[in-house]
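Before any comments, here is the structure.
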Amino acid sequence: MRCGVLFDEDTRLWAAPGTEGTERWLRSVLGAALGLPLPAGPEDARDSVRLQLDDSLEPEAYRLSVIANWGVEIRGGDPAGVFWGAQTLRQLLGPEAFRRAPVRPGMRYGIPHQIIEDAPRFPWRGLMLDVSRHFMPKEGVLRYLDLMAAHKLNVFHFHLTDDQGWRIEIRRHPRLTEVGSWRARTKFGHRASPLWEEKPHGGYYTQDDIREIVAYAAERHITVVPEIDVPGHSQAAIAAYPELGNTDVIDTASLTVWDSWGISPNVLAPTDNTLRFYEGVFEEVLELFPSEFIHVGGDECLKDQWRASPAARARIEELGLADEDELQSWFIGHFAKWLSARGRRLIGWDEILEGGIAEGAAVSSWRGYGGGIAAARAGHDVVMCPEQHVYLDHRQADGEDEPVPIGYVRTLEDVYRFEPVPPGLDESGARRILGAQANVWTEVMEDHARVDYQAFPRLAAFAEVAWSALPAPPERDFAGFERRMTTHYRRLDALGVAYRPPAGPLPWQRRPGVPGRPIDGPPPNR
Ligand code: ACM
């Protein structure tokens, strides 16, 4: 390399105050990958890497300068900006910089002379992981955070509770994990399938595990937004504490953690006891998660038990509400006020608009754009995550070899053509779009290799949409994205990501009769 900067044994790091986190990350991650010590050195050392804050830059923005005979400088509008600049530096160093140990010890890595100015389009670049349907042990979650950081994603939406498992230790309610974190067996494939896998499945994170995950994320400038789902998707909690359910409608004491997929009819009873119980849950959640937003779910709450319940009917009358939709609004509204009194903000799936949305609440718009548009027009903040584009549990291709039995097809191109700000929103509505999020529901992903297959390469397309100000979807250069992916696949290889091969299914998927072939039945899976 004639003109540029060499990374080798002599490369030193100089970090101005406020950038020490990125210095640590560079030394431990990049140093380990390339086999270089990257010791601290003076600011004027030749070919060193200098990190500093620059308040002329926007939050999360960075300028990366690679100057021959001088070195590398990353200036960030804030510590996060410096960190995102370091991610770009790793990309420039080539795929080997994505490994955990050197494959060519003693190698000198050159970076060509250049200046990159870069900034994110959105402050919320989210990725959700459902650890209820299949538990992902802590190591897998930490790896997921590393993959997020490599793609400059900064909000980890942690779906911790659902009908099929409760995954977070709550000290004052120990049965939530003692009972609620394990199920006896698991529906195999599509919810219409007649098969179960007859082995117990479960696990949970202790409070120290959660602290570790939150701190690991923070070091990578990722905020963890926990989701505790109410009042639907709560069968695991009711199995642990039957008094939380509609005891005047069904025998909740006989409920178990759900072993099937779909939407459970077993929802929380709208009683004072339930509110006090969940206030206790949220008190511990607030101690663990510093995030401004706390996600309370609110989606897919079937109202049949409330309709059949004399106690729920009495509650509707006592509160002067019109119907069960308003009862759900009252329930969510209670927690919106409760959280705001503690300096936090409630976010929920777009069903929280039905029956009236609580003041100050934000919306995750998943059933298309409609909910998000309505919420933004009403002055609420919105995270766009429409299932038509960014549900990564949906199949990536048509073809019976695809190992995922969810009927919808969302191709790499569908994800790349996702536009988080829908046309039709005026400027003040558009300002309400905090950003975008991809969601990984795990009914059909039993381990992190399957999560990788579903998430990649589509997550790379999503990350580009969430970060970059791309042209409107019809003008987006998908062919250009695909060309750039040829380089990115080499990085994913080095990271050990089990992505879906771009050319189609692997040979083992073509064998007839392998488990996981799509099972006839009504899509979608949920
Ligand atoms: C959802 O997919 N039920 C939010």
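We number each residue from 1, following the sequence as shown. When a ligand or atom number is given, it counts from 1 through the structure's own listing order.
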**OP:** Check the pair Glu60, Arg125 against salt bridge (Lys or Arg N to Asp or Glu O under 4.0 Å), reporting the backbone distance first and the verdict last.
**Re:** CA-CA 12 Å; Glu60 296 199 274; Arg125 304 178 302 280; 2.7 Å; yes
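Residue His233 has no nitrogen or oxygen atom sitting less than 3.5 Å from a nitrogen or oxygen atom of ligand 1, judged on distance alone. At least one N or O atom of Tyr391 sits closer than 3.5 Å to an N or O atom of ligand 1. Considering both main-chain and side-chain atoms, Trp366 never comes within under 3.5 Å of ligand 1 through any nitrogen or oxygen pair.
Taking the ring centre of Tyr489 as origin, the terminal cationic atom of Arg491 falls outside the region bounded by 6.0 Å and 45° from the ring axis. Taking the ring centre of Tyr408 as origin, the terminal cationic atom of Arg410 falls inside the region bounded by 6.0 Å and 45° from the ring axis.
Ion pairing of Arg167 with Glu227 is absent here, as no side-chain N (NZ or NE/NH1/NH2) approaches a carboxylate O to less than 4.0 Å.
Legend: residues meeting ring pair (Phe, Tyr, Trp, His ring centres under 6.0 Å) with Tyr205, ordered by chain and number and at least two apart, are Phe135, Phe158.
Those atoms of ligand 1 with a heavy atom of Trp441 less than 4.0 angstrom away are 1 (C), 2 (O), 4 (C). Against a heavy-atom cut-off of under 4.0 Å, Glu300 is close to the following atoms of ligand 1: 3 (N).
For Glu387, no heavy-atom contact with ligand 1 is shorter than 4.0 Å.
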